[in-house]
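To keep things clear, I will list the structure first and then write my remarks on it.
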2 protein chains.
Amino acid sequence: MGNEVRTMADIARLAGVSVSTVSRALNDSPLIPEETKERIRRIAHTYNYELHVGARNLRLQRTQTIAAVIPFGETSDRQVSDPFYLEIIGAIANKLAEYDYDLLISRAHAADEGWYQRYVLGKRVDGLIIIGRKLNDRGIAKLVELGANFVVWGPPLPGQRYVSVGSDGVSGAAQAVRHLIQLGRRRIAFIGGDEDETETWLRRRGYEQELQRAGLPLDANLIAYAHFTSESGYFAMRQLLARAPDIDGVFVCSDLMAVAAMEALRQEGRDVPNDVSIVGYDDIPLAAHCSPPLTTVRQQIRRGGMLLASKLIDLIEGRQVESVTLPVELIIRESCGAKVRSARGC
Amino acid sequence: MGNEVRTMADIARLAGVSVSTVSRALNDSPLIPEETKERIRRIAHTYNYELHVGARNLRLQRTQTIAAVIPFGETSDRQVSDPFYLEIIGAIANKLAEYDYDLLISRAHAADEGWYQRYVLGKRVDGLIIIGRKLNDRGIAKLVELGANFVVWGPPLPGQRYVSVGSDGVSGAAQAVRHLIQLGRRRIAFIGGDEDETETWLRRRGYEQELQRAGLPLDANLIAYAHFTSESGYFAMRQLLARAPDIDGVFVCSDLMAVAAMEALRQEGRDVPNDVSIVGYDDIPLAAHCSPPLTTVRQQIRRGGMLLASKLIDLIEGRQVESVTLPVELIIRESCGAKVRSARGC
DNA sequence: AATGTATATGCAATCGATTGCACAAGGAAA
DNA sequence: TTTCCTTGTGCAATCGATTGCATATACATT
């Protein structure tokens, strides 16, 4: 009802000028004298005029929107609700807002092969940020082929033909495992995310490298995969305990799963950290305030999100962009104790 | 490089027909004979044609996009990373995808008054989903005034002039507190989210109602507010313990904060559940797998998200829509024990 | 053969902005 | 007074799709 001023044409009528002049005035063009600009601006403001972004974007052949492709939705049966995703989304959104870009969220749908194409070819977005990188990701290959603007969360891999930002999972896992070994742990288990996920694969390499360096044997019974959910972390831990009851250390690929794993250990009568030491990954805020506080590999999640956003914009605007590996840091808390002669009971 | 077929005009040229025919064919109009449709579809497919959604939306005066306004970003200093948000976003995104709507994410920026206007008046989105409702929310009032399409997360309040979907926080809190009372707890604390947030306010009412019903005194020392972050939950608990060391029960407005509060209790030498019983809110997956597993008030988060999405679309498409109150359910786990004569130590 | 009807297709306007080019008015220089 | 330049403004095309209306062809009806 109230407002009949929706387009530049409306303003032009009110101001007694043409649409071109309104457009130039509102875009602060030097062609228009300050006096006229001011008059037009005032009218626009008075009538609560807002630019129709879609129309401008069509004309300018851009969308000023980027899509974050994140596997958090209920893919088939499982639903991921890891704070990690929210943190990185928040950081991305903040950075994009600085550049006046909007953020579109999409759960990646592995089943739907054409997904990327629709967004890229359909000019729905100017670029994409991919969060869950698979090993030999076909979607990413497709994006390279299409020449799309996109960046990926994860450390750069040898020979990769796209830009990525992430922390060094191999090193992160290695630091965690080294710490466990130094505490005297010898039967160290590994709980990954999905087996086909690159991050998990890298961390497993770090885990294995470090065991080998210490001369410890690799044991397939000490490896389990989960899906970055609390529940899957819990069951992975139970499974490991069933297969290898002598586990005395665990490296888990996310803090959320680590918390659940600690509870599984407790339920099986193991004390953390006295019987089993455990190290998580991410250092989400929860890690500092769970019971016991979790030793974990800190990723620079917010910095990563901001870099993803700014590098994508650099790409879109045609600048040269390099991949980045962010450092990780082992944060030591109470969930890791030194091996002691089993002294449970009162 | 590769692909020179970007618009319907390109396809029209290849097919030797007009753009109108291409448009009708691809939209499966009955005006076009099946044979022609098939030919055009084949060409479109061969050349990887994708519709330019922005152009269509401009013509059709819609955006096929909705915005979720969520206070998770780093508003000033704090950053919220509660799995609750991710779950509800996931559910919303899934439902919207069914209707071919895209989901735009925006951190609400309390400082920026004109935010809503830009999205609504600027025709950036067809509708909004508001997650963190404030008491006397000025932004929401503005949306009502503008006649925007939007829905709000939270139970309907008396006299409210918009549609909302949410669970009954008064009842949820009351159930939690009643349970604590039944277990023999008498000094029951309350940890809220932000004080100006409607959900927190409702739950506090439920808390107070239930205490009064049981004839227990209200004590301001037993009330603390936090910000839905782990850290703030932790400090709220410490603060409460400093003010009222005899606390024997706590009702916390989110599971994430409850986990942190349990750790604070543990650090202060209180055993959960023997010394202090604690009840959370939400029933995120973590709640079942933390230590100890958390008694909590289950909200139907996913169902809520789906309802928000479908009701918003109903609104956009002009259908009559009613607010909904979802039931809550107390999920009893180990974090609540009956009051026992203090029997700590070996 | 003339008229009517159904079917297939195209023209051109439209959505709301941006911008190259043309043009008009005013002042300065010759 | 004429010419030239500067400054301010508008016309019209454009971005890529949709769709009402007009038209063209084929076929059926009388």
Side-chain angles (χ1 to χ4, degrees), chain A residues 3-41 43-44 47-65 100 118-126, chain B residues 3-41 43-44 47-65 100 118-126:
Chain A
N3 209 322
E4 303 306 334
V5 175
R6 318 225 71 95
T7 71
M8 288 193 174
D10 298 327
I11 295 183
R13 202 174 312 118
L14 288 168
V17 296
S18 73
V19 182
S20 325
T21 302
V22 175
S23 172
R24 291 193 179 105
L26 295 180
N27 285 303
D28 202 26
S29 154
L31 291 176
I32 309 290
E34 189 54 42
E35 176 182 283
T36 311
K37 280 187 199 169
E38 190 45 37
R39 185 163 51 95
I40 291 177
R41 270 192 228 115
I43 294 177
Y47 290 93
N48 266 327
Y49 168 79
E50 278 302 330
L51 179 74
H52 190 305
V53 186
R56 162 194 265 172
N57 287 340
L58 174 60
R59 180 61 236 252
L60 298 181
Q61 296 283 74
R62 65 177 194 199
T63 65
Q64 208 74 357
T65 301
D100 264 317
R118 252 184 291 133
Y119 274 67
V120 175
L121 261 37
K123 302 235 197 297
R124 187 71 192 77
V125 298
D126 294 336
Chain B
N3 209 321
E4 302 306 334
V5 176
R6 317 225 71 95
T7 73
M8 289 193 174
D10 298 328
I11 295 184
R13 202 174 311 118
L14 288 168
V17 296
S18 73
V19 181
S20 325
T21 301
V22 174
S23 172
R24 286 197 259 257
L26 295 180
N27 284 304
D28 202 25
S29 154
L31 291 175
I32 308 291
E34 190 53 44
E35 175 183 284
T36 311
K37 280 186 199 169
E38 190 46 38
R39 185 162 52 96
I40 292 175
R41 270 192 228 114
I43 294 177
Y47 290 93
N48 266 328
Y49 168 78
E50 277 303 330
L51 180 74
H52 190 305
V53 186
R56 162 195 266 171
N57 288 340
L58 174 59
R59 178 63 235 252
L60 297 182
Q61 295 283 75
R62 65 177 194 198
T63 65
Q64 207 73 356
T65 301
D100 265 318
R118 253 184 290 131
Y119 275 67
V120 176
L121 262 37
K123 301 234 195 297
R124 187 68 190 77
V125 299
D126 294 336

May I ask you to say what [X] touches in the nucleic acid, namely base, sugar-phosphate or nothing, with a heavy-atom cut-off under 4.0 Å?
X      : answer
T21(B) : sugar-phosphate
N27(B) : sugar-phosphate
S23(B) : base
V22(B) : nothing
T7(B)  : sugar-phosphate
V53(A) : nothing
L60(B) : sugar-phosphate

Exercise. Taking N and O atoms by type only, does the side chain of R24(A) place a donor or acceptor under 3.5 Å from a partner on the base of dG10(D)?
Worked result: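 Indeed, a donor on one side and an acceptor on the other fall under 3.5 Å apart.
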For this session: May I have the distance from M8(A) (atom CE) to dG10(D) (atom P), rounded to whole angstrom?
Result: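 M8(A) atom CE is separated from dG10(D) atom P by 14 Å.
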Exercise. When you list every nucleotide of DNA chain C with an atom under 4.0 Å from a heavy atom of chain A, which one comes first 5' to 3', and which comes last?
Worked result: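 With heavy atoms of chain A under 4.0 Å away, the range is dG16(C) to dC21(C).
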For this session: Map L51(A) and R39(B) onto DNA chain C by nearest heavy atom, then report which one ends up closer to the 5' terminus.
Result: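 Of the two residues, R39(B) wins.
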For this session: Show the numbers, then the answer: is there a side chain to side chain contact (heavy atoms under 4.5 Å, CB included) between D10(A) and Y49(A)?
Result: CA-CA 9 Å; D10(A) 298 327; Y49(A) 168 79; over 6 Å; no
Problem set entry | Side-chain donor/acceptor of R124(B) to backbone N/O of V53(A), under 3.5 Å |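 Pair absent, no side-chain N/O of R124(B) close to backbone of V53(A).
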